[in-house]
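One-based numbering along the sequence shown. Every number for a ligand or one of its atoms is a count from 1 in the order of the listing. Scope of the values below: all heavy atoms of this structure, side chains included, with no hydrogens, waters or symmetry mates.
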Amino acid sequence: MNEQENNSPNHVAIIMDGNGRWAQKQGKPRKFGHEEGMEAIRRVTMRASERGVKVLTLYAFSTENWKRPPQEVHFLMQLPILFFDRFVPELQEKNVKVNMIGFEDKVPKSTKKAISKAMDQTKGNTGMVLNFAFNYGGRAEITKATQALCRKVLNNEISCDDITEALIEEHLFTHSIAPYQEVDLLIRSSGEQRLSNFLLWQNAYSEFYFTDLLWPDFNEEVFDHIIAEYQKRQRRYGAV
Ligand code: FPP
């Protein structure tokens, strides 16, 4: 299906969990954990790109994260600005292209501007795609696709029987990372073992890897170890 010859994953998706706990363990405010989390993103991005990963999707802000205290939401909205300010030169050096999936509504103008600037600056890069899921939710994504398809049926552009898995995929945010929409390897840090509304459609046949490490402690060696574990697995996609 969606895999390299050496059994390496093309699309790795990560739920970067545990920033808050990492900071609190040291008696520091949660935002300190998010700052360190950005360093972990840098480390993992560089290693994933060296390892030939085609798309690295990171769950940076979910449609449910708006329920956090306003001060924290405000800080999380600043992170793309800080991140791209700091790291675009390195992304350029590594030929990494920035992409974003998620809803634009409610995201502050300055954040949107920083994101589109980074996408624009890296649009000519031909290496790994660093795909941020920002204000993203899997159910909302599928709902949006359903509404768009329904409109097309009502406008007589398509019939109900034209709706195939491929057509649904074309209406998901992840169409922008074709042909690597399907996740091969899903990683979640911090010991939680759940999907939290992340890429529900795209994770249908992915391999899951959970680690107890908190996200700011995630590094190149951990990433290499997880890839080695993935390479030992046998993916059957429902066959025998
Ligand atoms: C989970 O930790 C992490 C997040 C909610 C967001 C992390 C985002 C970044 C580090 C950077 C985003 C950057 C860009 C460019 C978009 P948590 O707060 O849920 O930790 P906890 O489970 O310990 O409370």
Point to revise | Phe83 neighbourhood, listing ligand 1 atoms whose heavy-atom distance to it stays under 4.0 Å | key: 15 (C)
**Study point:** Whether Phe134 and Phe61 hold their rings parallel, tilted or perpendicular, with breakpoints at 30° and 60°
**Key:** tilted
Exercise for review: Going by heavy-atom distance to atom 17 (P) of ligand 1, choose the closest among Glu192, Met77, Arg68, Glu72.
Suggested key: Arg68
Check your understanding: For the residue pair Asn99 and Ile101, what are the closest heavy atoms and their distance?
Key -> ND2-CG2, 4.2 Å
Review point. Any N or O of Asn65 that comes nearer than 3.5 Å to an N or O of ligand 1?
Key: no
Check your understanding: Is Gln78 touching ligand 1 with its side chain, its backbone, both, or neither, if touching means heavy atoms under 4.0 Å apart?
Key -> neither
Check your understanding: Of all the heavy atoms in Glu35, does at least one lie under 4.0 Å from an atom in ligand 1?
Key -> no
Review point. How does Leu58 reach ligand 1, if at all, at less than 4.0 Å between non-hydrogen atoms: by side chain, backbone, both, or neither?
Key: neither
Review point. If you measure from each heavy atom of Gln24 to ligand 1, is any distance below 4.0 Å?
Key: no
Check your understanding: Under 3.5 Å, side chain of Asn135 to main-chain N/O of Asp105, donor-acceptor pair present?
Key -> yes
Point to revise | Numbering as shown, the atoms of ligand 1 that approach Met16 to under 4.0 Å (heavy-atom distance) | key: 1 (C), 2 (O), 3 (C), 8 (C)
**Study point:** Student check: side-chain heavy atoms of Thr211 and Phe218 closer than 4.5 Å
**Key:** yes
Review point. Do any N or O atoms from the side chain of Ser196 and from the backbone of Phe198 form a donor-acceptor pair under 3.5 angstrom?
Key: no
Exercise for review: Taking atom types as modelled, find out whether Asn19 and Glu36 have a side-chain donor-acceptor pair closer than 3.5 angstrom.
Suggested key: no
